[in-house]
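Everything numeric in this text was worked out from a predicted model, so none of it was measured.
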Amino acid sequence: MPRRILVVIGHPDPSPERLCRGLASAYAEGAQRAGHVVRKIDLAALEFPLLRTTQEFEHGMVPDSLKEAAEAVIWAQHIVFVFPLWLGTMPAMLKAFLEQVMRPGVAFAYPGKGSGSPKTLLRGRSARLVVTMGMPAAVYRLWFLGHGLAGMRRSILNFAGIKPVRETLFGMIANASDAKRAGWMRQMQSLGERAV
């Protein structure tokens, strides 16, 4: 059955030769070839403000420049985030995007006074984190315990009801051969075809 898939390119550099862009395109191509409906959001092409106060997060509106993105998050059944690992976690631009979009009314709703916990609004969706890095992926997982991705998975995506959240990590990218990169592209096409 066809799925609605949102691919979020979280690399702040708009340069077309970035590996993240190629991986995102390969996933989207595989998904479209299999009959899935795909939308893409490229953060490097967007301008949006940073959130600065709790009041703004809880009661402010999604900025006009991100309204289409917020609607795409609600529309999607599966969300793929493709980004480089910077200082052990996602780039600041991706974090700022998530703070603006995954807010009350889009990702969750606060409970009424004196009752329970927040209501998740994105239940029934799944996600995949596709992350490029300079170190070996096994080192990030075993030595650093993948802490930056765990925080994104638990504190942002799972909190909003998105699960399962799967991960695909590509390490040692600077030294990867053309054959290795071509294999990564085929892997992403296969994941896109299966919409996982």
Are the side chains of [X] and [Y] in touch, meaning some heavy atoms are under 4.5 Å apart?
X      : Y      : result
Glu167 : Arg153 : yes
Pro104 : His59  : no
Met102 : Ile162 : yes
Glu71  : Val62  : no

Exercise for the section: Show your reasoning for whether side chain to side chain contact (heavy atoms under 4.5 Å, CB included) applies to Val8 and Val82. Expected result: CA-CA 6 Å; Val8 178; Val82 186; over 6 Å; no

Exercise for the section: Let me see the working for Leu149 and Thr89 under side chain to side chain contact (heavy atoms under 4.5 Å, CB included), right down to the final yes or no. Expected result: CA-CA 6 Å; Leu149 302 187; Thr89 190; 5.9 Å; no

Under a 3.5 Å distance rule, please check whether [X] uses its side chain to pair with a backbone N or O of [Y] as donor and acceptor.
X      : Y     : answer
Arg4   : Trp75 : yes
Gln100 : Pro49 : yes
Arg21  : Ile9  : no

Could you tell me whether [X] and [Y] make a salt bridge, using a distance below 4.0 angstrom between a side-chain N and a carboxylate O?
X      : Y      : value
Glu99  : Lys95  : yes
Glu193 : Arg33  : yes
Glu58  : Arg103 : no

Which heavy atom in [X] sits nearest to a heavy atom in [Y], and how many Å separate them?
X      : Y      : result
Ile5   : Ala195 : CD1-CB, 3.8 Å
Leu122 : Ile74  : CD2-CA, 4.3 Å
Ser65  : Leu46  : O-CD2, 4.2 Å
Gly10  : Leu94  : O-CB, 4.4 Å
Cys20  : His11  : SG-CD2, 4.0 Å
Leu129 : Val165 : CG-CG1, 3.9 Å

In terms of hydrophobic clustering (I, L, V, M, F, W, Y; side-chain heavy atoms under 4.5 Å; direct or indirect links), are [X] and [Y] co-clustered?
X      : Y      : value
Val139 : Leu169 : yes
Phe159 : Leu51  : yes
Met93  : Leu19  : no

Practice task
Please test Phe81 against Val7 for side chain to side chain contact (heavy atoms under 4.5 Å, CB included), starting from the C-alpha separation and ending with a verdict.
Solution key: CA-CA 6 Å; Phe81 296 93; Val7 177; over 6 Å; no

Problem - Counterpart residues, side-chain hydrogen bond (donor to acceptor under 3.5 Å, both in side chains), relative to Asn158 (two or more places apart) - result: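 Not a single residue meets the side-chain hydrogen bond (donor to acceptor under 3.5 Å, both in side chains) criterion with Asn158.
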
Can you tell me how far the [atom1] atom of [X] sits from the [atom2] atom of [Y], to the nearest 0.5 Å?
X      : Y      : atom1 : atom2 : result
Thr132 : Phe170 : OG1   : CZ    : 9.0 Å
Leu157 : Leu98  : CG    : CG    : 7.0 Å
His78  : Leu191 : NE2   : CG    : 8.0 Å
Arg18  : Leu23  : CZ    : CG    : 12.5 Å
Phe108 : Ile156 : CZ    : CD1   : 11.0 Å
Phe97  : Phe83  : CZ    : CZ    : 12.5 Å

Practice task
Under the side-chain hydrogen bond (donor to acceptor under 3.5 Å, both in side chains) rule, what do Thr120 and Arg123 come out as? Steps first, then yes or no, please.
Solution key: CA-CA 6 Å; Thr120 61; Arg123 189 176 304 277; 2.8 Å; yes

Problem - Geometric class of the His147/Tyr140 ring pair [parallel <30°, tilted 30-60°, perpendicular >60°] - result: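 Rings of Tyr140 and His147: tilted, as their planes differ by 30° to 60°.
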
Exercise for the section: List the steps, then state whether side chain to side chain contact (heavy atoms under 4.5 Å, CB included) holds for Met188 with Ser25. Expected result: CA-CA 9 Å; Met188 292 301 293; Ser25 292; over 6 Å; no

Practice task
Using the side-chain hydrogen bond (donor to acceptor under 3.5 Å, both in side chains) rule, collect all pairs that involve residues 169-189, keeping only residues at least two apart or in two chains.
Solution key: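 For residues 169-189: none.
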
Handout entry: Evaluation steps, side-chain hydrogen bond (donor to acceptor under 3.5 Å, both in side chains), between Gln55 and Thr53
Key = CA-CA 5 Å; Gln55 175 74 15; Thr53 67; over 6 Å; no

Practice task
Please lay out, stage by stage, how Arg3 and Ser126 fare under the test side-chain hydrogen bond (donor to acceptor under 3.5 Å, both in side chains).
Solution key: CA-CA 11 Å; Arg3 297 187 79 194; Ser126 58; 3.3 Å; yes

Exercise for the section: Give a yes or no on whether Leu142 atom CG has more than 12 heavy-atom contacts from other residues, nucleotides or ligands under 6.0 Å away. Expected result: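 Atom CG in Leu142 is packed in, count exceeds 12.
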
